[in-house]
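Below is one structure, written out as structure tokens, with a few remarks after it.
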Amino acid sequence: MPDVNTSTPQTLSDLLKRARAIAGLTLGELASGLGEQPPATLRRDKGWVGRMLEQALGADASTAQAPDFAALGIELKTLPLTPEGRPLESTFVTCVELADPDAISWETSHARQKLARVLFIPILTHRRTPPGERLIGQPLLWTPSPDEEARLRNDWERHMRTIRQGYAHAITAEDGDVLQIRPKGARASSRVWGQGPSGELELIQPRAYYLRPSFTAEIIARSFALSTAS
DNA sequence: ACTTGATCATTT
DNA sequence: AAATGATCAAGT
């Protein structure tokens with residue numbers, strides 16, 4: 001059973017060292033080191049992989065609206081990847097702030113804060129691979145390039161314009177080149193207070209921002225190119 | 001095959 | 001009830 005240090009890393013270099021140390025392990029091996037057992041399927045345990053990695057790397061206890069590693073300003077994300085490097089899923093970013101859209105700008109948005117510095121942990125897997133057999137990949141610390149941030153911002157500002165005009169309910173997953181908005185709730189009938197067309201309060205379906213797989217694929221490809229450059 | 005909309009567990 | 005961790009599964 002591998003020995004897994006679960007204390008909170010104090011420096012970026014410590015965190016990266018820790019992440020590199022668990023690369024190459026299966027999630028089953030990691031779980032074993034943490035005294036846990038992997039579920040047979042993620043169907044009823046969709047957040048298991050993320051929680052396992054948070055624990056293994058010593059992320060701060062879930063403090064609302066703060067990065068996973070608050071002292072380092074780093075957000076942790078697992079990214080399911082085929083062995084060929086293709087993301088299997090979109091990446092959850094944060095819930096859309098629907099209540100008071102006039103008060104928010106890109107600079108102060110939760111979305112930008114979440115995406116400012118992200119430590120991606122690739123999980124090499126196919127859809128049918130049991131969670132315990134999935135392989136932890138090499139970590140990738142990402143800060144949006146100026147171009148990437150411009151594209152994120154462009155999508156975010158278009159979404160927010162629609163929301164401010166009171167048409168949040170009309171946004172679909174097809175909107176946004178790299179940053180999409182999809183429903184996010186306990187069930188399809190969930191509702192939160194949002195802003196209607198005349199500025200009045202209106203109950204609408206809660207939504208969240210997601211990075212499209214094509215965007216995270218770019219990030220991964222760029223990193224791979226760097227890591228193999230001679 | 002891939003995407004969109006729906007869903008599940010946990011914690012605060 | 002809402003936010004965070006995501007993946008599922010129906011539809012195209």
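Reminder, nothing fancy here: chain letters follow the sequence lines and each chain counts from 1.
A:Asp175 comes within 4.0 angstrom of no nucleic acid atom, judged by non-hydrogen atoms across all strands. The residue A:Arg207 sits apart from the nucleic acid: no heavy atom pair falls under 4.0 Å. Residue A:Thr172 is in sugar-phosphate contact alone, with no base atom involved, counting any heavy-atom pair closer than 4.0 Å across all strands shown. A:Thr91 comes within 4.0 angstrom of no nucleic acid atom, judged by non-hydrogen atoms across all strands. No contact: A:Pro206 has no heavy atom under 4.0 Å from any strand.
One hydrophobic cluster, built from ILVMFWY side chains closer than 4.5 Å, holds both A:Leu140 and A:Leu79. Hydrophobic clustering places A:Trp142 together with A:Ile220 (ILVMFWY residues linked when any side-chain heavy atoms are closer than 4.5 Å, directly or through intermediates).
For DNA chain C, the contact window with chain A, defined by any atom under 4.0 Å from a protein heavy atom, covers C:dA2 to C:dA9 in 5' to 3' order.
Distance A:Glu84 CD to B:dA1 C1': 14 Å, rounded to the nearest Å. Rounded to a whole Å, the CG atom of A:Leu88 is 12 Å from the C1' atom of B:dA1.
Put simply, CZ on A:Arg182 and CD on A:Gln205 are 12.0 Å apart, with the number rounded to the nearest 0.5 Å. Rounding to the nearest 0.5 Å gives a distance of 10.5 Å between OG1 of A:Thr216 and CD of A:Glu89. Distance check, rounded to the nearest 0.5 Å: CG of A:Asp14 to OG1 of A:Thr8 gives 11.0 Å.
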Its contact letters, B for base, S for sugar-phosphate only and - for none at protein heavy atoms under 4.0 Å, make nucleotides 6-12 of chain B read BBBS-SS
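Between A:Tyr209 and the choices A:Val96, A:Leu115, A:Asp155, the side chain to side chain contact (heavy atoms under 4.5 Å, CB included) rule is met once, by A:Val96.
In terms of heavy atoms, A:Leu81 sits closest to A:Pro122 at CD2-CB, 3.7 Å. Heavy atoms only, all atoms of each residue included: A:Lys184 and A:Ala208 are closest at CB-CB, 3.5 Å.
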